[in-house]
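Just the heavy atoms: all of them, side chains too, but no hydrogens, waters or symmetry mates, feed the values below. Chain naming here is simple, since letters A, B, ... match the order of the sequence lines and numbering starts at 1 in each. Keep in mind the model is a prediction, meaning the values are calculated, not measured.
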Amino acid sequence: MGSKAALTIRTVPKSAMQPLRDSLINWYHQWGRDLPWRQTLDPYAIWISEIMLQQTQVKTVIPYYQQWLKTFPTVQMLAVADQQQVLKLWQGLGYYARARNLHRAAQIIAEEWGGQFPDRLNAVLQLPGIGKTTAGGILSAAFNQSVPILDGNVKRVLARLTALSVPPKRALSELWQVSEQMLDLKHPRLFNQALMDLGATVCLPKQPSCERCPWSEYCQAYLLNLQSKLPMSEPRSPLPHKQIGVAVIWNDQNQVLIDKRPQKGLLGGLWEFPGGKVEAGESIPDCIQREIKEELGIEINVGDHLITVDHAYTHFKVTLTVHHCRHLDGEPKPLECDEVRWVSLSEIETYPFPSANQQIIDALHQQAL
DNA sequence: CACCCGTGGTG
DNA sequence: TCACCAAGGGT
């Protein structure tokens, strides 16, 4: 019962290795992408790009990358920055642990490596936020070292090349072997970049352009006409949907109350408007009043509806129903968060907020006009 | 190893 | 509206 398909993989013949490398690098010279982080050999800049590109599309990354290097041009500048400034610069990119780890790693590099990004695989892998794929990306791009990579693009290309019979997640060690065997030891930088570009521009998830692919005559998926079926994907369960009541609490100085989320967990280190989950049979105003008492230990009066925000995270969806509230009594205490603060509408822009909360801020500005 | 961790674009 | 997707790593 529940038996899964056996793992089969059509390994690349030895005789095909060099022709595959040569044709890919030739293709890259004509069709490879000209990206900002390919105009430098500075390992710091390349590191920043690799972290930003984790689970994030090139088009989204480019403006963040430019702004980041303008603000923090060196490891040292990043190491001495405030975490809040780092998170503010990262605001909107998501997966905020990447920014926290980047900041921590910069401090480690400053202390242990004299501010020079290390060039040895073992040292690089020790840094927080850097796994095998990112380490290979940095070392091959910055130092032209022969270290393989296995990101989403490469997984897809290699799964098709070998007609892998299971989802890539189920065959990671096999795919790493293929990536390592295929790697062109004479041109590791070019080869790894070419492999990623092939996945990003030709070997697309849907409707791959096999007629433009330098590898089609060796591609087992193409030869078996399975290119649109591969790689195999895992079924996903539907996302739970949570109803959240949120408070914009005003005091007599025309300030609003915000709180900083704990470092660990969802949106760690970012600020937000306080609130919480609506319980069964509970009204939104009752929920807001209860949550604010529990989280901040204060009494409020729940007033007009401000905005409703729908947002999807990786593992669940939320509907934020936001109300204006009036502070009545008690000093706000950080009972379930790191910090609480009263801020004016003009100061609020300097704090890092998650996207769903940014919509609330936009609505406040809109309403103030 | 299964689960957690964001966001914006797309059909 | 919704499912799926995009240069993964930490626990």
Side-chain angles (χ1 to χ4, degrees), chain A residues 4 32-33 35-38 46-65 87 90-102 104-105 124-141 147-158 167-173 175-176 179 192-201 203-208 231-241 261-270 272 309-319 352-359:
Chain A
K4 292 169 183 168
R33 293 173 295 178
L35 301 170
W37 41 89
R38 289 180 181 171
I46 291 168
W47 168 42
I48 300 302
S49 75
E50 291 287 339
I51 301 300
M52 287 185 171
L53 287 162
Q54 290 171 0
Q55 301 294 105
T56 310
Q57 300 187 107
V58 165
K59 197 173 79 177
T60 306
V61 165
I62 288 176
Y64 283 90
Y65 172 82
L87 287 173
W90 199 270
Q91 177 176 319
L93 255 191
Y95 287 133
Y96 297 92
R98 295 184 292 174
R100 300 195 301 272
N101 287 333
L102 216 36
R104 272 206 298 146
V124 174
L125 284 172
Q126 300 279 0
L127 297 170
I130 301 185
K132 286 179 65 181
T133 286
T134 301
I138 297 170
L139 290 175
S140 61
V147 187
I149 57 173
L150 190 63
D151 57 22
N153 286 317
V154 177
K155 282 176 191 166
R156 185 172 57 257
V157 171
L158 297 184
K169 184 178 292 188
R170 304 283 163 206
L172 289 182
S173 70
L175 289 170
W176 272 110
S179 180
N192 279 346
Q193 291 175 346
L195 199 48
M196 287 188 284
D197 279 20
L198 188 67
T201 65
C203 195
L204 304 168
K206 299 172 183 175
Q207 292 183 297
M232 301 283 289
S233 61
E234 307 259 32
R236 300 181 186 182
S237 48
L239 305 178
H241 193 150
R261 297 177 60 93
Q263 288 289 127
K264 301 221 174 212
L266 186 70
L267 306 167
L270 275 70
E272 66 177 3
V309 178
D310 283 304
H311 193 77
Y313 294 98
T314 312
H315 288 286
F316 61 94
K317 302 173 189 176
V318 291
T319 298
F353 279 86
S355 287
N357 271 253
Q358 187 60 48
Q359 292 185 53

(request) Name the nucleic acid region contacted by Lys317(A), choosing base, sugar-phosphate or nothing; use a 4.0 angstrom heavy-atom cut-off, strictly under. (result) sugar-phosphate

(message) Please enumerate all residues that pass side chain to side chain contact (heavy atoms under 4.5 Å, CB included) together with Pro205(A), with sequence neighbours excluded.
(response) Arg156(A)

(request) Please identify each residue that fulfils ring pair (Phe, Tyr, Trp, His ring centres under 6.0 Å) with Trp176(A), with sequence neighbours left out. (result) none

(message) Once salt bridge (charged side-chain N to carboxylate O under 4.0 Å, His left out) is applied, do any residues pair with Arg98(A), and if so which ones, sequence neighbours excluded?
(response) none

(message) Donor-acceptor check, side chain of Ser140(A) to backbone of Gly136(A), threshold 3.5 angstrom: yes or no?
(response) yes

(request) Starting at atom CZ of Arg261(A), determine the distance to atom C1' of dC4(B), rounded to an integer number of angstrom. (result) 13 Å

(request) Report the distance from atom CG of Leu267(A) to atom C1' of dC4(B), rounded to the nearest whole Å. (result) 12 Å

(message) Using whole Å, what does the distance between atom P of nucleotide dT7(B) and atom CZ of Phe353(A) come to?
(response) 13 Å

(message) Using a 4.0 Å heavy-atom cut-off, does Leu93(A) contact any base of the nucleic acid, only the sugar-phosphate backbone, or nothing at all?
(response) base

Could I get a table of every N or O pair under 3.5 Å where one atom is in the protein and the other is in nucleotides 8-11 of chain B?
residue, atom, partner, partner atom, Å
dG8(B), OP1, Ser355(A), OG, 3.4

(message) Under 6.0 Å between ring centres: does that hold for His315(A) and Tyr313(A)?
(response) no

(message) Just so I know, are the side chains of Glu272(A) and Arg261(A) near enough to count as touching, which here means a heavy-atom distance under 4.5 Å?
(response) yes

(request) Quick one: do Arg38(A) and Asp197(A) satisfy salt bridge (Lys or Arg N to Asp or Glu O under 4.0 Å)? Show the steps, please. (result) CA-CA 12 Å; Arg38(A) 289 180 181 171; Asp197(A) 279 20; 2.8 Å; yes

(request) At the 4.0 Å heavy-atom cut-off to chain A, mark where contacts on DNA chain C begin and end, going 5' to 3'. (result) dA3(C) to dG10(C)

(message) Restricting to side chain to side chain contact (heavy atoms under 4.5 Å, CB included), what partner residues turn up for Thr134(A), sequence neighbours left out?
(response) Glu50(A), Ile51(A), Gln54(A), Ile130(A), Ile138(A)

(request) In whole angstrom, give the distance that lies between atom CG of Leu87(A) and atom P of dG6(B). (result) 11 Å

(message) I'd like the C1' distance from dC1(B) over to dG9(C), given in whole Å.
(response) 14 Å

(request) Round to the nearest Å and state the distance from Gln358(A) atom CD to dG6(B) atom C1'. (result) 15 Å

(message) Classify Arg100(A) by what it touches in the nucleic acid, base, sugar-phosphate, or nothing, heavy-atom distance under 4.0 Å.
(response) nothing

(request) To the nearest Å, give me how far apart CG (Leu239(A)) and P (dC4(B)) are. (result) 11 Å

(message) Could you check, using the six-membered ring where one of them is a Trp, whether Trp37(A) and Tyr65(A) have ring centers closer than 6.0 angstrom?
(response) yes

(message) Using the ring pair (Phe, Tyr, Trp, His ring centres under 6.0 Å) criterion, which residues pair with Phe353(A)? Sequence neighbours excluded.
(response) Phe273(A)

(request) Give one of base, sugar-phosphate or nothing for Pro238(A), where a contact means two heavy atoms less than 4.0 Å apart. (result) nothing

(message) Tell me every residue that passes ring pair (Phe, Tyr, Trp, His ring centres under 6.0 Å) with Tyr95(A), counting only those two or more places apart in sequence or in another chain.
(response) none

(request) Answer with base, sugar-phosphate or nothing: what part of the nucleic acid does Gly137(A) contact at a heavy-atom distance below 4.0 Å? (result) nothing

(message) What contact category does Leu195(A) fall into here, base, sugar-phosphate, or nothing, at under 4.0 angstrom with non-hydrogen atoms?
(response) nothing

(request) Just call it for Trp37(A): base, sugar-phosphate, or nothing, with non-hydrogen atoms closer than 4.0 Å on any strand. (result) base

(message) Applying salt bridge (charged side-chain N to carboxylate O under 4.0 Å, His left out), can you list everything that pairs with Arg104(A), at least two apart in sequence or on another chain?
(response) none

(request) For dG6(B) versus dC5(C), give the span between their C1' atoms, rounded off to a whole number of Å. (result) 13 Å

(message) Rounded to whole Å, how long is the line connecting atom OH of Tyr95(A) with atom P of dG6(B)?
(response) 8 Å

(request) Would you mind telling me which residue lines up with the more 5' stretch of DNA chain C, Asp310(A) or Ser233(A), judged by nearest nucleotide? (result) Asp310(A)

(message) Only Watson-Crick and G-U wobble pairs, only distances under 3.5 Å, only runs of 3 or more: what stems does that leave for DNA chain B?
(response) B:2-5 with C:8-11, B:7-11 with C:2-6

(message) If we ignore hydrogens and angles and just use 3.5 Å, is the side chain of Thr133(A) paired with the main-chain N or O of Ile149(A) as donor and acceptor?
(response) no

Identify all side-chain donor-acceptor contacts of residues 233-241 of chain A below 3.5 Å with residues at least two apart in sequence or on another chain.
residue, atom, partner, partner atom, Å
Glu234(A), OE2, Arg170(A), NE, 3.0
Glu234(A), OE2, Arg170(A), NH2, 3.0
His241(A), NE2, Thr319(A), OG1, 2.8

(request) Could you tell me whether a side-chain N or O of Asn192(A) sits under 3.5 Å from a main-chain N or O of Val147(A), the two making a donor and an acceptor? (result) yes

(message) Expressed as a whole number of angstroms, how long is the span from His315(A):NE2 to dG6(B):C1'?
(response) 10 Å

(request) Residues of residues 49-56 of chain A with any non-hydrogen atom less than 4.0 angstrom from an atom of DNA chain B: list those, numerically ordered, please. (result) Gln55(A), Thr56(A)

